[in-house]
Amino acid sequence: MENADIRVRFAPSPTGELHLGNARTAIFNWLFARKVGGKFILRIEDTDQERSRLEYQKMILEDLRWLGLDWDEGPEKEGTFGPYLQSERLEIYRDYARRLEENGLTYLCYCSSEELESRRIEAQAKGVAPRYDNRCRLLTEEDKRRHVQAGHKAVIRFKVEPERVKIQDWVRGEVEFDTALFGDFVIFKSDGYPTFHFAVAVDDGLMKVSHVIRGEDHLSNTPRHVLLFRAMGFQIPQFAHLSMILGSDGARLSKRHGATSIGFYREEGFLPEALLNYLALLGWSSGDDQEIFSREELTQKFSIERIVGSSAIFNPEKFHWVGTQQIRRFRLAALRQRLEARGNDFSKIGSDHLEKMIGFVRERAATLKELGSELEVFVKEPGLESEEAKKAFSSSRAREILEALKHVLENEWKDEAFPVKSLSSCQKSLGVSGAEFYPLLRISLTGHAHGPELKDLCPLMGKGEVLRRLEKALKKF
RNA sequence: GACCCCAUCGUCUAGAGGCCUAGGACAUCACCCUUUCACGGUGAUGACGCGGGUUCGAAUCCCGCUGGGGUCGCCA
């Protein structure tokens, strides 16, 4: 196969926000396509009329763009295999269903959902495999007439003959299934929409998808798809089933483990590069010891062979660490732009100045949000009401120290050279410890006991502002 | 329950029969650096689920068990 013929797809259903698991699936597909020079297709599986929502579709697209996963074909980027919304492909599915019917591979089933449900429960109770018993295969013409007259709605079922279906999976190796274990399955719902299984097979076939990279929850569905591919004369794609992402307790990741939506992490201020990086590490490794990757490195190093087959637990701490690493890899100007794009207003500060500030505070930040609040010390008047401030100011010599501090800075601070030595000798001549001396300056300036080094902080804040804030602190006495 | 997948430090992983006294990263702890926090540096704790085989030799291959996950919908 020529690499240009490699086509993968990400096929979310717009029934909710994009979450961590889906996002990783999208990332693996995208990385694979970019690595080999294939095509990345985005297809919206909106055949569930009840739950599909346009707003979710928009959100998913937005999240994918934010992650930097650009698609070669899909919504808002039509290609030759479109449309890419399944709800716009109904005629195509009907056409293929008709062909299957003509070949005698399908039949109408009039069993109601309620009937099926109660039979399922019964089977469960008996300890029998809960599968459809294919009873409507045997309907006579008379039976069918009666159902139609009674106004019963029908679904189309695909006939499954017992056999063993083998699939070759890039991460699982050869997996074999016995089709006798599942009954004739529905390919068309009574609302006139195709089921997932059918739409997937038709679309992957028509869209010439070469590799299906998806979650392991679809592994057991794969034999059905293979049966359909075969029945419709499509080439069977290659498969790669990704393990699940689990929560800290080893159960499938869900809301109760905390935030799972991509939107949440975006709002939190994580860089998309950090999420891309961390998610790529969940179920894949480069083989060397590298863990921090740029987008480009990832597209170069990714390989489908190195996908890990065991499930992975999402670890917020490590994700946070990846966040810090990515922030440090960024150019300062780029961070400034990201911050501004997020709505942080630094218009009062010159770009060069601001970038220096970012440089001094980034060591402590994993997200843009954290970066933004670290930066606040430069732009926001410090409230001196915090516990740490009160404690520092309650020292018996606080006022005296502050006066001295102000005096030294006023007289010894010239031009760019921050008077480190003068401060030090001032501290000594007062006979107080550094722990008593320096925090007073820091807290007067920022309101916080911790932060960038004073010799970095003060010059950026500027002599005038530093003195003004010291003065203000002095008024507390 | 049946079927399928998975199984190395708490977590993510390296490991494709001898290179393993099992490597790296996060987290944790200690020390160093630093008159703050952080960063950084050094070090420590910490794993091949269990039982059988195969083999001169097994984390690596096979079988069983156990455990976890998935599927068994007119959801996708």
Side-chain angles (χ1 to χ4, degrees), chain A residues 11-16 45-48 50-52 86 109 111-113 116-117 120 123-132 153-157 169 171-173 175-178 180-183 185-197 199-200 214-224 241 243-244 246 248 250-252 278 281-292 306 308-322 324-325 328 361-365 374 423-424 427 433-439 441-443 448-454:
Chain A
S13 68
T15 53
E45 309 218 321
D46 56 349
T47 53
D48 185 337
E50 303 275 296
R51 299 193 300 144
S52 293
Q86 290 187 329
C109 164
C111 299
S112 72
S113 303
L116 293 169
E117 182 59 23
R120 249 196 301 275
Q124 294 268 24
K126 278 194 212 153
V128 186
R131 84 197 239 329
Y132 181 61
K153 292 217 167 173
V155 300
I156 304 175
R157 283 189 188 267
D169 190 287
V171 349
R172 316 279 152 194
V175 188
E176 207 176 314
F177 295 90
D178 183 355
L181 263 17
F182 46 87
F185 58 91
V186 178
I187 61 168
F188 248 89
K189 304 186 267 189
S190 57
D191 67 359
Y193 275 63
T195 60
F196 160 73
H197 300 300
V200 157
R214 74 213 320 182
E216 194 192 359
D217 46 345
H218 289 303
L219 184 57
S220 305
N221 291 327
T222 307
R224 285 172 234 260
H241 285 95
S243 60
M244 304 277 90
L246 311 177
S248 51
R252 194 176 179 165
Y278 179 66
L281 249 29
L282 238 43
W284 173 82
S285 77
S286 65
D288 51 36
D289 285 334
Q290 187 175 353
E291 303 221 75
I292 301 300
R306 293 203 55 87
V308 178
S310 49
S311 46
I313 291 174
F314 180 81
N315 184 320
E317 280 86 35
K318 183 144 184 179
F319 175 39
H320 198 267
W321 173 76
V322 172
T324 68
Q325 299 305 303
R328 282 183 227 167
V361 300
R362 85 207 293 197
E363 302 298 308
R364 265 176 303 281
E374 288 282 340
L423 280 179
S424 174
Q427 175 221 325
S433 72
E436 213 172 340
F437 185 76
Y438 292 98
L441 176 55
R442 178 186 302 287
I443 288 174
H448 299 288
H450 310 303
E453 296 199 32
L454 290 167

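Lettering follows sequence order; numbering is per chain, from 1. Keep in mind the model is a prediction, meaning the values are calculated, not measured.
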Across all strands, who's sitting opposite [N] as a Watson-Crick or G-U wobble pair, both distances under 3.5 Å?
| N | answer |
| --- | --- |
| U35(B) | none |
| G10(B) | C26(B) |
| C65(B) | G49(B) |
| C20(B) | none |
| U54(B) | none |
| C3(B) | G70(B) |

Could you tell me which residues satisfy salt bridge (Lys or Arg N to Asp or Glu O under 4.0 Å) with [X], sequence neighbours excluded, listed by chain and number?
| X | value |
| --- | --- |
| D46(A) | none |
| E176(A) | R164(A) |
| K318(A) | E291(A) |

**Asked** Taking the same atom, P, in C12(B) and in G68(B), what whole-Å distance lies between them?
**Response**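 Going atom to atom, P in each nucleotide, I get 16 Å.
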**Span that lies between the C1' atom of G17(B) and that of G46(B), in whole angstrom** =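 After rounding to an integer number of Å, I get 26 Å for this pair.
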What pairs with [X] under side chain to side chain contact (heavy atoms under 4.5 Å, CB included), at least two apart in sequence or on another chain?
| X | value |
| --- | --- |
| T15(A) | S13(A), R51(A), S52(A) |
| P223(A) | V165(A), F177(A), F182(A) |
| S311(A) | S243(A), L246(A) |

Check every strand shown and say whether [X] touches a base, only sugar-phosphate, or nothing at a heavy-atom separation below 4.0 Å.
| X | value |
| --- | --- |
| E176(A) | sugar-phosphate |
| Q124(A) | nothing |
| A312(A) | sugar-phosphate |
| R442(A) | base |

**Message:** Counting only heavy atoms and a strict 4.0 angstrom limit, can you tell me which residues of residues 214-221 of chain A come near RNA chain B?
**Reply:**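 Close to the strand are E216(A), D217(A), H218(A), L219(A), S220(A), N221(A).
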**Prompt:** Tell me, do N315(A) and Y278(A) make a side-chain contact under 4.5 Å, heavy atoms counted?
**Reply:**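 N315(A) vs Y278(A): side chains touch.
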**Asked** Of all residues at least two apart in sequence or in a different chain, which pass the ring-ring contact (aromatic ring centres under 6.0 Å, His included) check with F185(A)?
**Response**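 Partners of F185(A) under the ring-ring contact (aromatic ring centres under 6.0 Å, His included) test: F158(A), H197(A).
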**Asked** Taking any atom under 4.0 angstrom from a heavy atom of chain A, which nucleotides of RNA chain B are the first and last to qualify, 5' to 3'?
**Response**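 Reading along RNA chain B, I get G1(B) to A76(B).
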